[in-house]
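Report on one structure; see the data block that follows.
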Amino acid sequence: MARPDAAQGEFGLYVHWPFCQAKCPYCDFNSHVSAAIDHDRWLRAYRSEIARVRDETGPRTLRSIFFGGGTPSLMRPETVAAVIEAARAFPWANDVEITLEANPTSAEAGRFQAFRDAGVNRVSVGVQALNDADLRRLGRLHSVAEARAAFDMARAIFPRVSFDLIYARQDQTPGHWRRELAEALDMAADHLSLYQLTIEPGTAFGDRHARGLLRGLPDDDLAADMYEITQELCDAAGYPAYEVSNHAREGAWSRHNLIYWRGGDWGGAGPGAHGRLTLDGRRWATATELSPLGWLARVERDGSGETERTEVSATEWGEEFLMMGLRLSEGVDLGALDRMGAARPAAERIAALEELGLLERESDHLRVTRVGRPVLNAIVRELLA
């Protein structure tokens, strides 16, 4: 892959579809269950927002489009096609990546060919578990058999395919995870996202946990064992971690997410979508209305779904660059901080973390070691203190 500065200045588009068939109990994303969706109205709003961002940014070369959610595979394929066509207001990179997140229910998988015809060239399938009992605990609406069938269909249709799994689930042991991950690696195409279950406030799991009703969660030591198993098995199978939770074969890294992790720009369209835009040399953080109907009304009434636009100071930009970039196995170029006008971490702090074997540095290039990855948050806190 390219060196860490390669995506700085690159530009992507994030499209948020906020609707799901059911709200998963662990999910803290901006997602909503709705029986009635006016797809034509949503399409008009997305087109309007994309045109607005294009007017602001000028002819930025578009590197990626990412349909996230919610459950974007509930969108009509013709809506996806029209959004992609609207994005042609930007010049496109020759290898533009267009990703759609999908659930592996049979109904949604049946639309995969239509999404491919619409222009999607990468799909990320929310498998989450290869155990029917755990799928039910996670609130998922598909079975393992459906997940396998959907993934096989995706591999036959799309040039690039990824899927997600959650580990450190209730009553899961390291042995259970080792067997499940081995099974997943036998299925895998070129990319996997492997996330440790986190209990977020404001979710159903968060509420149960606060009331002492979420039993059987692995303790920190067992979760750490599962993390190490993840690295061991993925390395052996040719899917090394290029980011803390993402594993891929050479050349299959998520180009859209690299824009986030390497400090590039992206426009956000849809309720709750965030963005980063560099305009006339100043960097801005953008946010939109969270409520789906509220976002639609803002776009229709005001010509913009934004509720917030805040200038990112050089210090904030540098901190964000370190927090995101150190998640990558390639690390960060400290010279980029100079170009942002941000201060570098204190040399003595870097040296102390090197001495502990948590960081390694080569000239101006800094990265977290494999030993340091499980304590990445603590490393970043120390660097930014």
Side-chain angles (χ1 to χ4, degrees), residues 1-16 49-50 52-68 84 87-99 101 121-122 124 160 162 191 193 242-246 248 251-270 273-288 306 308-342 364-367 380:
M1 295 299 294
R3 293 293 287 178
D5 264 356
Q8 287 181 21
E10 289 193 345
F11 179 71
L13 181 65
Y14 175 74
V15 180
H16 189 80
E49 287 289 82
I50 291 168
R52 178 181 62 81
V53 174
R54 168 62 175 81
D55 288 344
E56 282 199 281
T57 63
R60 297 287 302 270
T61 298
L62 189 65
R63 176 72 165 144
S64 68
I65 305 170
F66 194 101
F67 290 88
I84 292 171
R88 289 192 178 276
F90 298 95
W92 280 21
N94 291 334
D95 59 348
V96 66
E97 175 189 87
I98 304 176
T99 302
E101 293 181 333
N121 55 25
R122 181 177 183 270
S124 178
R160 298 179 59 205
S162 178
H191 189 285
S193 297
Y242 71 96
E243 189 271 345
V244 171
S245 301
N246 287 274
W253 297 12
S254 168
R255 297 171 196 163
H256 185 83
N257 286 340
L258 284 175
I259 293 175
Y260 300 158
W261 294 322
R262 289 174 171 171
D265 281 10
W266 68 96
H274 291 260
R276 294 291 185 276
L277 299 175
T278 303
L279 305 171
D280 298 323
R282 300 165 71 185
R283 186 167 173 84
W284 300 88
T286 66
T288 62
E306 277 190 22
E308 184 179 340
R309 178 170 292 203
T310 307
E311 186 169 4
V312 180
S313 69
T315 297
E316 291 166 334
W317 192 358
E319 289 177 351
E320 187 175 271
F321 177 74
L322 281 174
M323 285 190 290
M324 299 298 281
L326 287 176
R327 296 182 64 87
L328 291 167
S329 60
E330 66 185 15
V332 297
D333 174 14
L334 295 176
L337 296 172
D338 303 334
R339 295 188 287 278
M340 296 171 190
D364 264 1
H365 191 69
L366 187 69
R367 59 180 158 261
V380 171

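Small disclaimer: the values here were computed from a predicted structure and weren't measured. Quick note: residue numbers are just sequence positions, from 1.
Between the side chain of N121 and the backbone N or O of I98 there is at least one donor-acceptor pair closer than 3.5 Å. T310 contributes no side-chain N or O that, together with a main-chain N or O of A285, makes up a donor-acceptor pair within less than 3.5 Å. Side chain of H16 to main chain of A269: no donor-acceptor pair is present (N/O by atom type, distance under 3.5 Å, no hydrogens or angles). The main-chain N or O of H256 is found under 3.5 Å from a side-chain atom of E97 such that the two form a donor-acceptor pair. Using a distance-only test at 3.5 Å, with no hydrogens or angles considered, no donor-acceptor pair links the side chain of S64 to the main chain of G12. Looking only at distances, a side-chain donor or acceptor of W266 sits under 3.5 Å from a matching main-chain atom of H274.
Atom-to-atom distance recorded for D265:CG and R63:CZ is 14.5 Å, nearest 0.5 angstrom. Note that the CG atom of D338 and the CG atom of D364 stand 7.0 Å from one another [nearest 0.5 Å]. Rounding to the nearest 0.5 Å places CG of L334 at 10.0 Å from CZ of R339. To the nearest 0.5 Å, atoms CE (M340) and OG (S313) are separated by 11.5 Å. Rounded to the nearest 0.5 angstrom, T315 OG1 and L337 CG are separated by 10.5 Å. How far CD of E330 is from CG of L366: 12.5 Å, rounded to the nearest 0.5 Å.
Contact check for L326 versus V332: side-chain heavy atoms found under the 4.5 Å cut-off. For the pair L328 and R262, the minimum side-chain heavy-atom distance is below 4.5 Å. Residues S193 and E243 have side chains not in contact (no heavy-atom distance under 4.5 Å, counting atoms from C-beta outward). At a threshold of 4.5 Å between non-hydrogen side-chain atoms, the residues S254 and T99 do not count as touching. The shortest distance between side-chain heavy atoms of S162 and R122 falls below 4.5 Å. Residues F90 and I65 are not in side-chain contact: their nearest non-hydrogen atoms beyond the backbone lie 4.5 Å or more apart. Using a 4.5 Å heavy-atom cutoff, the side chains of F11 and T61 are not in contact. In this structure the side chain of M324 reaches within 4.5 angstrom of the side chain of W261, judged on heavy atoms.
Ring pair Y14/F66 is parallel by interplanar angle, where below 30° counts as parallel and above 60° as perpendicular.
By the 4.0 Å N-to-carboxylate-O rule, E10 lies too far from R255 to be salt-bridged with it.
Of all heavy-atom pairs spanning Y242 and L258, the tightest one is CE1-CD2, 4.5 Å. Of all heavy-atom pairs spanning L13 and A87, the tightest one is CD2-CB, 4.1 Å. Of all heavy-atom pairs spanning R54 and P59, the tightest one is NH1-N, 3.7 Å. For the residue pair R327 and M323, the shortest heavy atom distance occurs at CG-O, 3.4 Å. Closest heavy-atom contact between W317 and G263: NE1-O, 4.4 Å. The two residues R283 and G264 have their closest heavy-atom pair at NH2-O, 3.1 Å.
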Legend entry - side chain to side chain contact (heavy atoms under 4.5 Å, CB included) between R309 and L277, worked out: CA-CA 10 Å; R309 178 170 292 203; L277 299 175; 4.1 Å; yes

